[in-house]
Amino acid sequence: MPSKRRRISAFVKILLSLTLACGVIVAGAYYVLTTIEPIDSEPEVEPGCRLELSDGKYDMEVAQAVNAATVGGVAFSRNLPEEAVTVAYATVWQESTFYNLEYGDRDSLGLFQQRPSQEWGEPDQILDPVASSASFYDELTEVQGWQELPVYEAAQAVQRSADGFAYDQHEGLSERMAEVFTGARGPAVTCWFDSEGLSAMREAGSDTEDAHAEMARVFGTDPTALPEVQGHETGDLGWAMAIWAVAHADEYGLHTVTYDGQRWHASDGGPDTAQWTEAPETDGRLLLK
């Protein structure tokens, strides 16, 4: 039989081994707790915009909403009916999904994938959403009876694409979007940003002067002329401008947009907290801060 001393020695070794193992586990746990960032149970909200369409909500990326607001706004400068915006939107959905692309098939560029070689202008002009939208509308109005044509035929008459029927798939959504961005549905667009972007906006401050200048270029009317200037065939100019300002809030550091008894606040809290709320009347003026 092993002696009592040997049994005690074996027990001590086992005890020491367990103690060392526990020490390693504790040290490892301490390292993890002190060096690894905890998992955030509520991940950062991605920036975006939400449209209140006639048949429900529809989300877009901020860049897409920015371009949609501009394409729709340029129609006001031509005093074109809402149907023209529908045709333009169906075209842009098919050509670029509302991203201002710096590439395309052969030398195609921009929202409408217009080609310098086809006399749509210089590359920098085509990549300017205001100029490219104006060029599209100018060509559309040259199409005889365009308003009586199906949307895809009107778009194809301008674009002369390889597959003109492809525009047809975007007609329904484009019609509902046109109602929103031409102001027919009032405060029907809200946008939100991440916390880093919102902090940068607050630090930079709002540039309302440049925002007004760009809106005048887009809409053909200075927003300070409201409410005297109204009655556009395209839609409600004041609400279209207010929606444009919301979509471009990040670019111009706009914290609030106020119009017709409603106010939008820039937020990083997601779509459920970045809504329009009641505000004092502004006598038909659009206020940006």
Does [X] belong to the same Ile/Leu/Val/Met/Phe/Trp/Tyr cluster as [Y], with side-chain heavy atoms less than 4.5 Å apart forming each link?
| X | Y | result |
| --- | --- | --- |
| Leu101 | Trp120 | no |
| Val158 | Leu80 | yes |
| Tyr152 | Leu173 | no |
| Tyr103 | Ile126 | no |

Is it the case that the side chain of [X] and the backbone of [Y] share a donor-acceptor pair, with hydrogens and angles ignored and the cut-off at 3.5 Å?
| X | Y | answer |
| --- | --- | --- |
| Arg78 | Val74 | no |
| Ser77 | Gly73 | no |
| Tyr137 | Ser132 | no |
| Glu119 | Pro116 | no |
| Glu142 | Glu139 | no |
| Asn100 | Leu127 | yes |
| Gln125 | Ala131 | no |
| Thr234 | Ala75 | yes |

Q: Would you indicate whether Glu233, at its atom CD, is surrounded by more than 12 heavy atoms from other residues, nucleotides or ligands within a distance under 6.0 Å?
A: yes
Contact between [X] and [Y] at the side-chain level, heavy atoms closer than 4.5 Å - yes or no?
| X | Y | answer |
| --- | --- | --- |
| Phe136 | Gln159 | yes |
| Trp276 | His265 | no |
| Phe193 | Met201 | yes |
| Leu288 | His212 | yes |
| Leu287 | Val257 | no |
| Thr258 | Leu286 | no |
| Val66 | Phe98 | no |
| Arg263 | Pro280 | yes |

Just how far is it from atom [atom1] of [X] to atom [atom2] of [Y], taken to the nearest 0.5 Å?
| X | Y | atom1 | atom2 | result |
| --- | --- | --- | --- | --- |
| Trp93 | Leu111 | CH2 | CG | 11.5 Å |
| Glu214 | Glu209 | CD | CD | 13.5 Å |
| Ser133 | Leu140 | OG | CG | 12.0 Å |
| Thr282 | Asp260 | OG1 | CG | 7.0 Å |
| Arg217 | Asp128 | CZ | CG | 4.0 Å |
| Gln262 | Glu281 | CD | CD | 9.0 Å |

Output side-chain donor-acceptor pairs under 3.5 Å for residues 81-90, partner residues at least two apart or in another chain, one line each.
unit_1, atom_1, unit_2, atom_2, d
Tyr89, OH, Ala68, O, 2.7

(Q) With side chain to side chain contact (heavy atoms under 4.5 Å, CB included) as the criterion, how do Glu251 and Asp210 come out once you've worked through the C-alpha distance, each side chain's angles and the decisive distance to 0.1 Å? (A) CA-CA 10 Å; Glu251 182 176 354; Asp210 279 359; over 6 Å; no
Q: Mind running side chain to side chain contact (heavy atoms under 4.5 Å, CB included) on His255 and Lys289 for me, showing each step along the way?
A: CA-CA 6 Å; His255 305 147; Lys289 290 186 179 179; 5.6 Å; no
So, [X] and [Y]: side-chain donor and acceptor under 3.5 Å apart, yes or no?
| X | Y | result |
| --- | --- | --- |
| Thr256 | Trp264 | no |
| Glu95 | Tyr167 | yes |
| Gln169 | Gln94 | yes |

Q: Report the C-alpha distance between Val189 and Val180 in whole Å, list the side-chain angles of each, state the deciding distance to 0.1 Å, and finish with yes or no for side chain to side chain contact (heavy atoms under 4.5 Å, CB included).
A: CA-CA 7 Å; Val189 174; Val180 167; 3.2 Å; yes
Work out which heavy atom in [X] is nearest to a heavy atom in [Y]; give both atom names and the distance.
| X | Y | answer |
| --- | --- | --- |
| Leu198 | Ala266 | CD1-CB, 3.8 Å |
| Gln113 | Gly104 | OE1-CA, 3.1 Å |
| Val62 | Ala247 | CG1-O, 4.0 Å |
| Val246 | Cys191 | CG1-N, 3.8 Å |

Q. Using 4.0 Å as the upper bound for N to carboxylate O, is an ion pair formed by Asp268 and Arg202?
A. no
(Q) Checking Asp107 now: which residues fulfil salt bridge (Lys or Arg N to Asp or Glu O under 4.0 Å) with it, not counting sequence neighbours? (A) Arg115
Q | Non-neighbouring partners of Gln64 that pass side chain to side chain donor-acceptor pair (under 3.5 Å), sequence neighbours left out | A | none
Q.
One pair to check against salt bridge (charged side-chain N to carboxylate O under 4.0 Å, His left out): Arg185 and Glu52. What are the steps and the verdict?
A. CA-CA 8 Å; Arg185 296 185 59 80; Glu52 298 285 345; over 6 Å; no
**Q.** Derivation and outcome, side chain to side chain contact (heavy atoms under 4.5 Å, CB included), residues Thr70 and Val130
**A.** CA-CA 7 Å; Thr70 293; Val130 179; 3.8 Å; yes
Q: Identify which one of Phe219, Trp244, Trp239 satisfies the ring pair (Phe, Tyr, Trp, His ring centres under 6.0 Å) criterion when paired with Phe76.
A: Phe219
